[in-house]
Amino acid sequence: MTQTQQKIGFQHVGSFLRPDALKQARAAFANGQVTADELTAAEDAAITTLVAQQVAAGLDVVTDGEFRRSYWHLDNFWGFEGVERFKFGEGYQFAHEETRDDSAHLTGPLGFDATAHPLIREFKFLKTIADRYGVAAKVTLPSPAQFFAELVRGRNAERVHRFYTNDADFHAAIQRVYHDEILALYDAGARTIQLDDCTWGMLVDPHLGVLMTGNGVSVTELKTLYLTLNNGALADLPDDLVINTHVCRGNYHSDWAASGGYDLVADELLGQENVASYFLEYDSDRAGGFAPLAKVSGDKRVVLGLITTKTGELEDKQVIIDRIYEAAQYLPLERLWLSTQCGFASTEEGNVLIEDQQWAKLALVRDILTQVWGYKA
């Protein structure tokens with residue numbers, strides 16, 4: 001196994017199915033039946049068990065399963081100064097169902113306070129547990145571009161204009177608070193940070209691309225803006241901090257939101273975004289072919305999301321191996337790796353499978369890593 005692959009290790013995209021005890025504790029807290037401290041204790045216990053399960057499954061990079069979050073993205077947004085949680089009135093429309101209607105809009109200029117943003121405390125707890133097992137702790141963040149997309153979603157955009165008189169100042173503020181958050185996570189011990197990003201995955205869909213440009217911005221301008229926001233937040237970071245990104249087309253209760261290959265965004269996303277590795281959704285025909293992988297620049301790597309988290313049915317191992325070698329026609333095998341296409345529970349509802357199936361999926365990933373790349377923990 002090459003050093004390039006060793007830097008990735010055996011890791012999962014991020015979220016895991018919430019155990020019943022945690023779901024019950026969160027429901028009890030929402031109903032005023034338990035205190036915040038009691039909920040935190042339940043979360044701590046669930047995360048401690050989850051890390052042990054990940055280590056037992058062979059993962060050498062672990063997450064907290066996003067167990068303290070309701071959403072993969074919104075909880076992080078709500079932690080910034082100048083941002084408020086509110087009910088939008090309608091959820092995100094997926095292919096077959098609509099999500100809950102939470103959103104985030106501005107109540108003032110953006111700011112970041114490491115002592116107030118919950119993610120910093122949450123990561124410190126995860127790292128303490130991971131250190132006991134001698135494994136790396138990974139933190140997942142929604143991307144700066146995703147934050148922008150939420151703040152300008154529909155009528156949310158009106159709030160932006162109340163506090164930022166020009167777009168350049170608004171964009172700079174997003175980059176600044178993210179850069180500050182990333183540095184705070186680094187100071188807390190994070191050395192692997194993953195930016196989860198649906199903006200590129202939505203932009204490739206002809207229908208959703210039109211919705212994303214509803215504010216009069218062209219697709220070309222949006223691609224440039226997404227790249228500027230993400231790269232701006234990643235500028236001047238410590239050399240030993242690994243930044244990866246995960247690109248998704250929607251993952252809610254086993255449903256999806258977008259369709260389209262990476263061709264439209266390959267030049268910007270794969271050629272110019274300043275990340276070490278791309279975790280790319282490739283579990284269905286909706287993701288298109290592998291040809292865009294030829295646009296991956298430098299020595300960056302691609303983690304092929306060929307194992308779906310949307311169903312419990314286990315993939316045929318040889319079919320997955322064949323697809324890996326098909327992808328290797330465009331990017332050398334030593335720069336490819338394997339994972340699931342997304343997390344198992346991007347929101348607390350979780351996907352439609354059971355925990356045994358979740359762990360079987362990861363066992364299959366490890367089996368293929370060993371067979372194709374000679375992976376050893």
Inset, instruction - If a pair satisfies salt bridge (Lys or Arg N to Asp or Glu O under 4.0 Å) and one of its residues is in residues 307-319, list it, with sequence neighbours excluded. - result: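 Qualifying pairs: Glu315-Lys361, Lys317-Asp367.
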
Pair [X], [Y]: side-chain N/O donor-acceptor within cut-off below 3.5 Å:
X	Y	value
Ser218	Glu221	yes
Ser259	Arg286	no
Thr199	Asp197	yes
Glu97	His253	yes
Gln24	Asp20	no
Gln341	Thr309	yes

Legend entry - Chi angles and distances behind the side chain to side chain contact (heavy atoms under 4.5 Å, CB included) call for His105, Val83: CA-CA 6 Å; His105 62 200; Val83 177; over 6 Å; no

Given side chains that start at C-beta, do those of [X] and [Y] come closer than 4.5 Å, heavy atoms only?
X	Y	answer
Ser277	Ile8	yes
Cys198	Gln146	yes
Leu293	Leu304	yes
Tyr226	Val265	no
Asp64	Leu50	no
Thr245	Ser143	no
Val219	Leu264	yes
Leu338	Val372	no

Not counting sequence neighbours, which residues clear ring pair (Phe, Tyr, Trp, His ring centres under 6.0 Å) with [X]? List them please.
X	value
His117	Phe80, Phe112
Phe10	none
Phe77	His73, Phe147

Non-hydrogen atoms of [X] and [Y] that approach each other most closely:
X	Y	answer
Ala266	Pro292	CB-CB, 4.0 Å
Ala188	Ile120	CB-CG2, 4.4 Å
Trp359	Phe16	CH2-CE2, 3.6 Å
Glu273	Asn230	OE1-ND2, 3.1 Å
Thr347	Arg18	O-NH1, 4.0 Å
Asn351	Gly343	ND2-O, 3.8 Å

Please check if the side chain of [X] supplies one atom and the backbone of [Y] the other of a donor-acceptor pair under 3.5 Å.
X	Y	result
Thr192	Val242	no
Glu98	Tyr92	no
Asn31	Gln33	no
His12	Val62	no
Asp255	His96	yes
Asp75	Ser70	yes
Asp101	Gly89	yes
Ser346	Cys342	no

Taking the six-membered ring for Trp, are the ring centroids of [X] and [Y] within less than 6.0 Å of each other?
X	Y	value
Phe94	Trp256	no
Tyr375	Trp337	yes
Tyr278	Trp200	no
Phe123	Tyr186	no

Inset, instruction - Return each pair, listed once, that meets side-chain hydrogen bond (donor to acceptor under 3.5 Å, both in side chains) where at least one residue sits in residues 124-140; pairs must be two or more places apart or across chains. - result: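 Found Gln11-Lys138, Glu66-Thr140, Arg69-Thr140, Lys127-Asp131, Lys138-Gln194.
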
Legend entry - Trace of the side chain to side chain contact (heavy atoms under 4.5 Å, CB included) decision for Leu59 with Gln53: CA-CA 9 Å; Leu59 289 149; Gln53 290 173 315; over 6 Å; no

Nonpolar side-chain network containing [X], other nodes, edges under 4.5 Å:
X	value
Ile354	none
Val34	Phe29, Leu39
Phe88	Phe86

Legend entry - Tyr178/Leu234 under side chain to side chain contact (heavy atoms under 4.5 Å, CB included): CA gap, chis, key distance, verdict: CA-CA 8 Å; Tyr178 258 88; Leu234 301 179; over 6 Å; no

Legend entry - Cluster check Trp72, Val352: I/L/V/M/F/W/Y, side chain < 4.5 angstrom: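 No; Val352 is not reachable from Trp72 via cluster members.
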
Looking at residues at least two apart in the chain, or sitting in another chain, which of them share a salt bridge (charged side-chain N to carboxylate O under 4.0 Å, His left out) with [X]?
X	answer
Arg68	Glu43, Asp44
Arg323	none
Glu122	none

Is [Y] paired with [X] through a side-chain N to carboxylate O contact shorter than 4.0 Å?
X	Y	answer
Arg249	Asp205	no
Arg26	Glu348	yes
Arg191	Asp240	yes
Arg153	Glu150	yes

Inset, instruction - Determine, step by step, whether Phe67 and Leu22 satisfy the side chain to side chain contact (heavy atoms under 4.5 Å, CB included) criterion, reporting the C-alpha distance in whole Å, the side-chain angles of both residues, the deciding distance to 0.1 Å, and the verdict. - result: CA-CA 8 Å; Phe67 276 5; Leu22 180 58; 3.6 Å; yes

Legend entry - Residue list, side-chain contact (heavy atoms from CB on, under 4.5 Å) with Asp102, at least two apart or on another chain: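 Asp102: side-chain contact (heavy atoms from CB on, under 4.5 Å) contacts with Tyr71, Leu74, Trp78, Arg85, Lys87, Arg100.
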
Inset, instruction - Sort out for me which residue in Val303, Leu306, Thr308 forms a side-chain contact (heavy atoms from CB on, under 4.5 Å) with Tyr282. - result: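 The passing option is Leu306.
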
Legend entry - Working for salt bridge (Lys or Arg N to Asp or Glu O under 4.0 Å), residues Arg335 and Asp299: CA-CA 8 Å; Arg335 289 172 60 194; Asp299 62 354; over 6 Å; no

